[in-house]
Amino acid sequence: MSSTCRLNCIMPPYILERLLESGDGDVRRAALRTMLTTARLAGERAVWKDVAGASAAPAAGRRTVFDAGHGTFLPFAEVARTEDGPESADDSVNQVFDNFGLTRDFLKEVFQRDSLDGRGMRLDGYVHFATGFNNAFWDGRRMVFGDGDGRLFTDLAGSRSVAVHELGHGVTEHTAGFEYHNQSGALNESMSDVMAAMVVQWAMKQPAEEADWLIGAEVFTPEIEADALRSMRAPGTAFHNALFGRDPQPDRMGRFVHLPDTEEGDWGGVHYNSGIPNKAFYLAAVGIGGFSWEAAGSIWYEALRASARDAGFQDFADTTFRKAGELFGADSAEQTAVLAAWQEVEVGIRGVPPGIARTRASGPAGAGRQDGLAALSRQVGELNATVKALARDVAALKAARRG
């Protein structure tokens, strides 16, 4: 199956795999059912992709939410709410409908994008999928939400960041189309987390410094000690308990997780290593200051549009640095913050000496960023002086030899 036809699921496989080791039979069975159903759906996605064009026809981003009635054959699902219909009595239906609208409005107002594909793609969502299904996924043309098992996981339709994350896969699919394996697959996952964080913060009008930067904070029942599925601020700290173990996401290249490019290896660790570009976006947004969807969001979105399908972390970092210069000017505070963010997660920018922006610009548009720019200017000046002195020494040596 092509790496671009894989199911995009919110639940990291390492959580479900850990639950298979539980001493609680009900927990094991729920995890196994979820994994088997997810694997079956992944095998069907290549077929869905062939007929996706019909549902992707321009539709002004119209929303329709269906009730799967705990079944798994989506054509049997019943319409629960439409763009022209009344509010539903089902909270899951209304939450999905509202989150679809919020994402659609964000794309339109912030990036002037008409729905996920830029051409008014309709937004179809399915709730109450299967029984005890601990997952939510984007299959290339629709979003599907499980209700959770009620013991560990709640109804995934109730999480705004989950809904936006999955829709974010649609945006990526219709722009860069990052191949879903290895580093390009981790970028695919990261862009969905970036989209989720921005939309949640946009809805709350929340500055980057005040946000919690958590993805899937609402998916656990109150009995589970976990902050979220992932933390963009501090990858590797979202959870640490006996059920799931410790959050395995790395926050820098020195901790990169090397896994085989197989289903068992999470296609090269796409859900693991997305923590590295996630941390870079967080650092850039906070380093620039203000709202994440403004400067940092514009840079990441334009980089997404300009990236190749097989881009790796180095390629994407270079593209964000270039786009920051195009949007805000070379050596601008925004470009400096992007440079510093990538260097902090140990991804250098081609053509820029390592460590040149280690002092990350921080705080509001003022002293912190100006100090970062001043430090950068001093470092560049010192480097130029060293090069000039070396050139003079070489010239003197050549003259002495001629003499």
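Residues: numbered from 1 along the sequence shown.
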As a quick check of understanding, evaluate ring-ring contact (aromatic ring centres under 6.0 Å, His included) for F220 and F239, giving each step before the final call. CA-CA 11 Å; F220 298 109; F239 55 84; 7.1 Å; no
With a sphere of 6.0 Å drawn around CZ of R28, does it hold more than 12 non-hydrogen atoms of other residues, nucleotides or ligands? yes
Could you give me the CA-CA distance, side-chain angles and deciding distance for N135 and I10, then say whether side chain to side chain contact (heavy atoms under 4.5 Å, CB included) is met? CA-CA 6 Å; N135 222 332; I10 189 65; 3.6 Å; yes
Do we see a donor-acceptor contact under 3.5 Å between the side chains of H271 and Q249? no
Minimal heavy-atom distance between W213 and A285, with the atoms involved, is CH2-CB, 3.9 Å
Quick one: closest heavy-atom pair of T175 and V171, and the distance? OG1-O, 2.8 Å
Nearest 0.5 Å, what's the CG-CG distance between L187 and N182? 11.0 Å
Can you confirm if the aromatic rings of F111 and F106 lie within a centre distance of less than 6.0 Å? yes
When every non-hydrogen atom of V96 is compared with those of A157, the smallest separation belongs to CG2-CB, 3.7 Å
Would M198 and W300 count as a side chain to side chain contact (heavy atoms under 4.5 Å, CB included) if you check the C-alpha gap in whole Å, the side-chain angles of each, and the deciding distance to 0.1 Å? CA-CA 11 Å; M198 290 193 298; W300 252 246; over 6 Å; no
Pair S190-N278, side-chain donor/acceptor within less than 3.5 Å: yes
Output a table of donor-acceptor pairs, distance under 3.5 Å, between side-chain atoms of residues 320-328 and any protein atom two or more places apart or on a different chain; print 'none' if there are none.
| unit_1 | atom_1 | unit_2 | atom_2 | d |
| --- | --- | --- | --- | --- |
| T320 | OG1 | F316 | O | 3.4 |
| T320 | OG1 | A317 | O | 2.8 |
| T320 | OG1 | W342 | NE1 | 2.9 |
| K323 | NZ | E326 | OE1 | 3.2 |

Check F281 against S292 and note the closest heavy-atom contact, atom names and distance. CZ-O, 3.9 Å
Mind jotting down which residue pairs meet the ring pair (Phe, Tyr, Trp, His ring centres under 6.0 Å) criterion with at least one end in residues 74-104? Sequence neighbours excluded, please. F73-F76
Would you call R122-D117 a salt bridge at under 4.0 Å N-O? no
Test salt bridge (charged side-chain N to carboxylate O under 4.0 Å, His left out) applied to R29 - qualifying residues, sequence neighbours left out: D26
Exercise: identify the closest heavy-atom pair between W293 and K205: CH2-CA, 4.1 Å
Residue pairs, two or more places apart or on separate chains, that pass salt bridge (Lys or Arg N to Asp or Glu O under 4.0 Å) and touch residues 219-239: D193-R230
Which pair of non-hydrogen atoms, one from A163 and one from N99, has the smallest distance, and what is that distance? CB-CB, 4.0 Å
With side chain to side chain contact (heavy atoms under 4.5 Å, CB included) as the test, would you mind laying out the steps for L102 and V199 before giving the verdict? CA-CA 8 Å; L102 182 68; V199 172; 3.7 Å; yes
Set of residues satisfying salt bridge (charged side-chain N to carboxylate O under 4.0 Å, His left out) with respect to D114, sequence neighbours excluded: none
NE2 of H128 to NE2 of H70, rounded to nearest 0.5 Å, is 6.0 Å
Is the number of heavy atoms from other residues, nucleotides or ligands under 6.0 Å of Q112 CD greater than 12? yes
Where at least one partner belongs to residues 85-106, residue pairs that pass salt bridge (Lys or Arg N to Asp or Glu O under 4.0 Å), sequence neighbours excluded: E83-R104
